[in-house]
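Only this structure's heavy atoms are used, side chains among them; waters, hydrogens and symmetry mates stay out. Computed from a predicted model, the values in this text were never measured in an experiment.
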Amino acid sequence: QVKLVESGGGLVQAGGSLRVSCTTSGLTFSRYAMGWFRQAPGKEREFVAAISWTGGSSYYADSVKGRFTISRDNAKNTVYLQMSSLKPQDTSVYYCAAVHEGVLGLKLLKTYDYWGQGIQVTVSS
């Protein structure tokens, strides 16, 4: 069975940094594109960042560009989201997602086949 498990969330002050991780099992990680999405209470789930299955392309929402960095470590079956200069508006549950050999449409929720359970990130003012 496929599992995606997020870790590294928590509470941080505005202006601080945090790195969340997503470790996968039950799939050939190097063959999957990975994405990060977030959802605040009462809001729709929104795209944050994505990286192609080759690792050669990455994409970011305008709201996080220049502050967040997505990366992957195929040897650890893990994708990371490094978050810097955090703002209270970044407070959300963060989800990772996977799609087999994904290269197109990585900003769209409907593209992804597998999802993690999410992890809370709270940024205080």
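Taking each heavy atom of Ile70 and Ser58 in turn, the nearest pair found is CG2-CB, 3.9 Å. Closest of all the heavy-atom pairs between Leu4 and Cys22 is CB-SG, 4.0 Å. Considering every non-hydrogen atom in both Tyr59 and Leu106, the closest pair reads CE1-CD1, 4.0 Å. Closest approach of Tyr80 to Ser21, counting heavy atoms only: CD2-OG, 3.3 Å. Closest non-hydrogen pair, Gly9 versus Ile119, comes out as N-CD1, 3.2 Å. Shortest non-hydrogen contact noted between Asn74 and Phe29 is OD1-CE2, 3.1 Å.
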Next on the checklist: For a side-chain contact (heavy atoms from CB on, under 4.5 Å) check, start with the C-alpha distance between Trp115 and Leu109, then their side-chain angles and the critical distance, and finish with the verdict.
Outcome noted: CA-CA 10 Å; Trp115 292 84; Leu109 280 73; 4.2 Å; yes
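Considering CZ of Arg19 and OG1 of Thr69, their distance stands at 12.0 Å, rounded to 0.5 Å. In this structure, the separation between CG on Asn77 and CZ on Arg72 is 9.5 Å, given to the nearest 0.5 Å. The CH2 atom of Trp53 sits 7.5 Å away from atom OG of Ser30, with the distance rounded to the nearest 0.5 Å. Distance check: Gln120 CD to Leu11 CG gives 9.5 Å after rounding to the nearest 0.5 Å. Separating the CZ atom in Phe37 from the CG atom in Leu81 is a distance of 12.0 Å, to the nearest 0.5 Å. For the atom pair NZ of Lys87 and OG of Ser125, the computed distance is 14.0 Å after rounding to the nearest 0.5 Å.
Taking the ring axis of Tyr60 as reference, the NZ or CZ atom of Arg67 does not stay both within 45° of it and closer than 6.0 Å to the ring centre.
Although no hydrogens or angles enter the test, the distance criterion places a donor-acceptor pair under 3.5 Å between the side chain of Ser52 and the main chain of Ser57. Side-chain atoms of Thr91 come within 3.5 Å of backbone N or O of Val123 as a donor-acceptor pair.
The shortest distance between side-chain heavy atoms of Thr24 and Tyr114 does not fall below 4.5 Å. For the pair Asp90 and Met83, the minimum side-chain heavy-atom distance is 4.5 Å or more. Inter-residue side-chain proximity for Val103 and Thr54 is flagged as unmet; no heavy-atom pair is nearer than 4.5 Å. Within the 4.5 Å cutoff, the side chain of Glu6 has no heavy atoms near those of the Val20 side chain.
More than 12 heavy-atom neighbours from other residues, nucleotides or ligands sit within 6.0 angstrom of CD on Glu101.
Legend: residues meeting side chain to side chain contact (heavy atoms under 4.5 Å, CB included) with Ser25, ordered by chain and number and at least two apart, are Lys3.
Lys65 and Asp62 are joined by a salt bridge, as a carboxylate oxygen and a charged side-chain nitrogen come within less than 4.0 angstrom of each other.
Both Trp36 and Val64 are assigned to one and the same hydrophobic cluster, defined by single-linkage of ILVMFWY side chains at heavy-atom distances under 4.5 Å.
The aromatic rings of Tyr94 and Phe68 sit tilted relative to each other, their planes meeting at an angle between 30° and 60°.
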Do any side-chain atoms of residues 39-51 form donor-acceptor pairs under 3.5 angstrom with protein atoms, and if so which ones, sequence neighbours left out?
residue: Gln39; atom: OE1; partner: Arg45; partner atom: NE; Å: 3.3
residue: Gln39; atom: OE1; partner: Arg45; partner atom: NH2; Å: 3.3
residue: Gln39; atom: NE2; partner: Lys43; partner atom: O; Å: 3.0
residue: Glu46; atom: OE2; partner: Arg38; partner atom: NE; Å: 2.8
residue: Glu46; atom: OE2; partner: Arg38; partner atom: NH2; Å: 3.4

